[in-house]
Structures are given as C-alpha cells and as structure tokens.
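Presented below is the structure to which this report refers.
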Amino acid sequence: MIKKLARSLREFKKDSILSPVFVSLEVLMEVLIPMLMASIIDNGIDNGSGGDLGYIWKMGIVLVVASILSLIFGVLSGRFAAKASAGFAKNLRKDMFARIQQYSFTNIDKFSNASLVTRLTTDITNVQMAFMMIVRVAVRGPIMLIFAVIFSIQLNAELSLIYLVAIPVLGTGLFWIAWKAHPRFEKVFRSYDSLNRVVQENVTAMRVVKAYVREDHENKKFHRISDRVYNLFVSAEKLVCMNTPLMMFAMYTCITLICLLGGQQIIAGDFTTGQLLSQMTYATQILSSLMMLSMVFVMIIMARTSAERIVEVLDEESALKDPADPVEVVPNGSIDFNHVNFSYISDKEKLALAEVDLHIKSGETIGIIGGTGSAKSTLVQLIPRLYDVTEGSVLVGGIDVRQYGLEALRKQVAMVLQKNVLFAGSIKDNLRWGKPDATDEEIVHACQLAQADEFIQGFPDGYDTHIEQGGSNVSGGQKQRLCIARALLAHPKILILDDSTSAVDTRTDALIRKAFAEEIPGTTKLIIAQRINSVENADRVIVLDNGRVDAFDTPANLLKTNKIYREVYESQGGKGAEEHE
C-alpha cells in the first residue's frame, strides 16, 4: 500500500527528503541546548569560585546561535513538509481521477458516486495530513528520543534506567489504542460515504423534494446518518483521547522520580544542579517525543483506513482494455450481434440479454421498442463497448468491438443517452465535446439539424449562453436537442438515440428525423423510442421483450405480424394496418 501511494510523490521527492533532513538538524540543536545550559550553570555560575562571567558570555552566545539555528532549521523543515504534502495530495488526487476516467461502467457500478467523492476529498485530506506528520513529527520524535536518551545516559546512566520502564509501558498502551481504534475509523468513513450519498441525492433531486413537500423527510434522513457519523467518531475519539492522559502520567512520574533520586545524588555529591536541570529537560524531551509519536499514531490510524480506500480505487483494473494490437479505423457503420448473451453480474443464469442475433447494414435507420426493462439501453451500450458481452460477439464494420482501440471505436459511435448531461460552461463549450475543433459554422449547422438553433438564438447571449451544472437552466426538451447537436458534431458512423426525443413535441421530433434522413444518410441510426411515430419511418424496427428479440422487421410487416408492435401502435392512436399501409 505504501509503495503504491509513494508513486504519487514524483517531483516532490526532493522536498520529502529535505524536510526530514532539516528536522534532524533542528532536533540536534534542541538536544544540545540542555547540555549547554548545564555547562553554564555548573562551570559559569556554580563553579565554587563566585562564577565566571566570561565563560557565561561565551557559552551564552553559543546557546543563542544554537537556538537561532534550531529556529531556521524548523522553518525550513516546515516549508518543505508543506510543499511535499500538498504536492503529494495533488498528484494522488490526479492519479485517482485519471484511474476513474479509465473505468468501465462495470467498475463504476462497483463504487457508488458518493464513495468516490469521499475518497477524492476527505480520504486524500486525511492521508495528506498524515504524510505531513510523517515527514516532520514521525522523524522528529524518534530522532529526539534517541539523542535525548544518549545525552541523558552520558549525564547519569542510573537515572536513565527510569526510561527503560516508562517507554515499554507507553508503547504497549499506544499499541492497544491503535488496535482498538482502527476498526472504528473504518466504520466512520463508510458512514461518510452514506452521508455524501444523501447530500448528493437531495441536491440532485431538489425539485422533486420540493414538489412533494418532502423537506422534513429529507432532513430526518440526513440527521439520522449525521448522528451515526457523530456517534462513531465519538466512539473512536474516546479511545484515541486516552493517549494524552497516558503520556502526561508517564511524563510527570518520570520527572518526579528524577527529582527524588537526582536530589539524593546531589546531596551525596555525585550529581550537580546543572546536570539535574538538564536531566529533567531530557526527560521532557524524551516523553514529548513519545507524545509526538502518539499523535502520529492517531493520524496514521485514521489515515490507514483512508489510504486503504484510496488504494482500492488505484488498484481497480478496468474491466475493458485495449487489445495488444488495436484496430484504429472503423470501416463503416454496419452492426452485427452474433448470438449475444449479456449479464451485468457475469452470471449466465441471470441474463439481461439472451440469444440476440441481429444484422444491421451501414446507413440503415433502426428503431428499437419494448416495454420497461426489456433491455433496450443495454443492447445499444454493447455497441461502443461500454460493457463487454458475456457470450457471443458484437461486430462494428465487420470487426469485433473487442479488437478496436476504445477511443477509435467510441469516436465513431455517438450516443445521446437516456439521461442527458450538460456541463457547466457555455453552449459552445458543451457542443464542442462532440468535436473540440468545431468551427462556429459547424456548431450552428448541427444545432439547426437538431432543431436547437431557434431557441439558442432567443437567448441574449446566443451560443455563448452559460449553462449551469447539469443544464438546470434549460428545459428538458432543450437539453435533449443540445445533446443531439453535440453528437452530430462528431460526424459518427453510428448514431444512437436512447429515448432522447421524449421531451420534445411530435413536430420537432419529426423535423429531427427528417434532418437525419437528408443530412446523414450514410450514418447508421439506432433510435430507442416509446412513441411509435418516432420509429414508424425507420427501415426496420427491433422489438425487444424481456431481453430477447421478439421481432426484427419493417414497421409495415411488424404491424401485421407482431403482437407487441401492434399493441403499442394501437395504444397510441393508430388506426390499423390497412390505413398504415
């Protein structure tokens, strides 16, 4: 896990090394100061001859220089540590986001959106704080402990034995706290995922919440999960907070014993006042270094859970990968489903699609209808390889989609999804997702085909109109037409419309279909629709029923021979096969 995270240091390795180096120098100055003070007291003040002012001045200057150097080294270590930890977090966030962009829909389904957001924010912040403490405090603590113990033994080996008892007791106590607290913090961060999910769900569905006057219900739901996070945190922190009283008890016990035994040695003439003062200072440094390590322990306990969750994202391999020698050119827009079976959970007993065998010519307009849950969207998502088939094969341009490079394939298969998504930015910015270098003339032409130009021109800023996140400042029909224009800009060989004209009126729908027929006759068009008039002019129509192809024929023939198609036709005001012909 550490090795995986360390890869995100990259250009900040130098800062990560310099910070501990300067911490070490800072600590060295700090442990020298008590020795200098003892020397001043014993040799300059209490030297048995009334004091030596010259010696006091000389050693005093050395003491000031040591203090200034300690300050400089401390500032430098803090500066490098801040740069290293912030840079590490930046790279780690970038690496996680890049990994998520490579995920297939199968991988996305494994992690909830709320969980990914928590991992990219809260978890990375925890790891960043732990890293800063590691390069500073976790280095400072052990080095100060070692140096202080060495100097303490030099002063008085007998008194130093006190630490041999205190350190193991403290270490055992801290280990027990860490062991007990870790699983509780794991529960805390899982609850954070739920908290973020509730917030995202509420913000996204705010209009529905207000329409049904469910604010009280949402407040109660939020308070429940918020209280759970609070209770779990309190439970974990109760354990963690035990480290401070434990440290203080050990510190004051050691200082008391040093004063008692050291005082007896002074009376016996085996110890000096300056040495006792230095020994007490070293006792404080030794125990404070242990307290630093306990603080690092707390952060590492919290960060360990976060680090595990981050590495989970980094270790997740995309279910879809480019082949060793990918095909980069899609010859045409023909589509073939050869005995395709598909399951979202890779279970052959629970198939979303079963025995699908279809052959579509390049340039054809194909309608797709079927009841809710008949796997219409699932069928078309296999074409740009958003999922891989469980059995069988899907061919585009006569080549298995698994042989294409993903980027090359998806550039030639444009999809307007059932749930239309627009991003914060201008209309032009959103449309150029289809073609980044599209000219203004190309953008306008695509919008004219999608019947979007008229309402865009009605905006005060026209094509520079700002779209709010999610397209909340345009209507459902306007959003659909913008998404269709965005897909048309890509000039794909296959265009898939997944119920993407459901929010526009029948006249606009007809104009869009007419533009498709006239302007992109060579593009294969797959139109999933609930309205029969959206597919009645298609070359052929696929009728799906519970994940199986019930029929695949021309609209006229289906009206005569297929019960499902005829029922849909008549339920929407159709007048019978004779008039249709």
Apply side-chain contact (heavy atoms from CB on, under 4.5 Å) to the pair Leu409 and Val327, showing each step before the final yes or no.
CA-CA 9 Å; Leu409 174 65; Val327 177; over 6 Å; no
What verdict does the side-chain contact (heavy atoms from CB on, under 4.5 Å) test give for Met133 and Met129, after you've listed the backbone C-alpha separation in whole Å, the side-chain angles of each residue and the deciding distance to 0.1 Å?
CA-CA 6 Å; Met133 294 193 76; Met129 295 303 295; 5.7 Å; no
I would like to know whether Leu320 and Asn107 meet side-chain contact (heavy atoms from CB on, under 4.5 Å); could you show each step before the answer?
CA-CA 9 Å; Leu320 303 178; Asn107 301 111; over 6 Å; no
Using the salt bridge (charged side-chain N to carboxylate O under 4.0 Å, His left out) rule, take Arg99 and Glu316 through it: C-alpha gap first, then chi angles, then the decisive distance, then the call.
CA-CA 8 Å; Arg99 173 64 72 172; Glu316 181 73 12; over 6 Å; no
side-chain contact (heavy atoms from CB on, under 4.5 Å) evaluation trace for Leu379 with Lys376
CA-CA 5 Å; Leu379 179 75; Lys376 300 185 295 295; 5.9 Å; no
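Arg385 has no carboxylate O lying under 4.0 Å from a charged side-chain N of Asp400, or vice versa, which leaves the two without a salt bridge. Using a 4.0 Å cut-off between a side-chain N of Lys or Arg and a carboxylate O of Asp or Glu, Glu218 and Lys221 qualify as a salt bridge. Taking the charged nitrogens against the carboxylate oxygens, Asp315 and Lys4 do have a contact shorter than 4.0 Å, which makes a salt bridge. Checked for salt-bridge contact, Asp95 and Arg10 meet the test: a charged N lies under 4.0 Å from a carboxylate O. Between Arg140 and Glu26, at least one side-chain nitrogen of the basic residue sits less than 4.0 Å from a carboxylate oxygen of the acidic one, meeting the salt-bridge criterion.
In the displayed structure, Arg228 atom CZ is contacted under 6.0 Å by at most 12 heavy atoms of other residues, nucleotides or ligands. No more than 12 heavy atoms of other residues, nucleotides or ligands shown are found within 6.0 angstrom of CD on Glu407. Under a cut-off of 6.0 angstrom, the local environment of CD1 in Ile2 is sparse, with at most 12 non-hydrogen atoms contributed by other residues, nucleotides or ligands. In this structure, Lys428 places its NZ atom where more than 12 heavy-atom neighbours from other residues, nucleotides or ligands lie under 6.0 Å away. Atom CZ of Phe97 sits in a sparse spot, with 12 or fewer heavy atoms from other residues, nucleotides or ligands closer than 6.0 Å.
Under a 3.5 Å cut-off, the side chain of Ser24 and the backbone N or O of Pro20 do form a donor-acceptor pair. Under the 3.5 Å distance criterion, the side-chain polar atoms of Ser19 are left unmatched by any main-chain donor or acceptor of Ser16. Here the side chain of Tyr103 pairs a donor or acceptor atom with the backbone of Val313 at under 3.5 angstrom. A donor-acceptor pair under 3.5 Å is formed between the side chain of Ser426 and the backbone N or O of Asp429. Under a 3.5 Å cut-off, the side chain of Thr125 and the backbone N or O of Thr121 do form a donor-acceptor pair. Between the side chain of Arg402 and the main chain of Pro323, no donor-acceptor pair closer than 3.5 Å is present. Looking only at distances, no side-chain donor or acceptor of His445 sits under 3.5 Å from a matching main-chain atom of Glu441. Checking side-chain atoms of Lys525 against main-chain N and O of Ile520 turns up a donor-acceptor pair under 3.5 Å.
Counting heavy atoms from C-beta outward, Ile443 and Ile427 have side chains that stay 4.5 Å or more apart. A heavy-atom distance below 4.5 Å is found between the side chains of Gln381 and Met415. By the 4.5 Å heavy-atom criterion applied to side chains, Gln412 and Val329 are not counted as neighbours. Side chains of Glu11 and Asn91 form a contact here, defined as non-hydrogen atoms less than 4.5 Å apart. Between Leu422 and Leu482, some side-chain heavy-atom pair lies under the 4.5 Å cut-off.
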Enumerate donor-acceptor pairs with a distance under 3.5 Å from any side-chain N or O in residues 487-499 to protein atoms, sequence neighbours excluded.
unit_1, atom_1, unit_2, atom_2, d
Lys493, NZ, Val330, O, 3.4
Asp498, OD1, Ser377, OG, 3.2
Asp498, OD2, Ser377, OG, 2.7

What donor-acceptor contacts under 3.5 angstrom involve side-chain atoms of residues 75-90, with partners at least two apart or in another chain?
unit_1, atom_1, unit_2, atom_2, d
Ser77, OG, Phe73, O, 3.3
Ser77, OG, Gly74, O, 2.8
Ser77, OG, Arg136, NH2, 3.3
Ser85, OG, Ala81, O, 3.0
Ser85, OG, Ala82, O, 3.1

Show me the donor-acceptor pairs, under 3.5 Å and distance only, between side chains in residues 455-465 and residues at least two apart or in other chains.
unit_1, atom_1, unit_2, atom_2, d
Gln457, NE2, Asp453, OD1, 3.2
Tyr463, OH, Asp453, OD1, 2.6
Thr465, OG1, Gly462, N, 3.4
Thr465, OG1, Gly462, O, 2.6

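The nearest pair of heavy atoms linking Ala307 to Leu5 is CB-CD1, 3.7 Å. Residues Pro384 and Val413 approach most closely at CB-CG1, 3.8 Å, considering heavy atoms. Between Leu351 and Ser343 the shortest heavy-atom distance is CD2-CB, 4.0 Å. Of all heavy-atom pairs spanning Val340 and Val389, the tightest one is CG1-CG1, 3.7 Å. Looking at every heavy atom in both residues, Gly547 comes nearest to Val356 through O-CG2, 4.1 Å. Nearest heavy-atom pair, Arg309 versus Ser115, reported as atom, atom and distance to 0.1 Å: NH2-O, 4.2 Å.
With values rounded to the nearest 0.5 angstrom, Glu312 atom CD is found 10.0 Å from Leu116 atom CG. Distance check, rounded to the nearest 0.5 Å: CD1 of Ile512 to CZ of Arg481 gives 7.0 Å. Between atom CZ of residue Arg410 and atom CD1 of residue Ile383 there is a gap of 13.0 Å, rounded to the nearest 0.5 Å. Between the CG atom in Asn430 and the CD1 atom in Ile467 there is a gap of 6.0 Å [rounded to 0.5 Å]. Note: Leu71 CG to Glu30 CD = 10.5 Å, rounded to the nearest 0.5 Å. Interatomic distance, Ser534 OG to Ile528 CD1, rounded to the nearest 0.5 Å: 12.0 Å.
Note on ring orientation: taking the six-membered ring where Trp is involved, the planes of Tyr344 and Tyr387 are perpendicular (angle over 60°, cut-offs 30° and 60°).
Side-chain atoms of Asn341 and Thr390 include no donor-acceptor pair closer than 3.5 Å. Ser306 and Asn126 share a donor-acceptor pair across their side chains, judged by distance under 3.5 Å alone.
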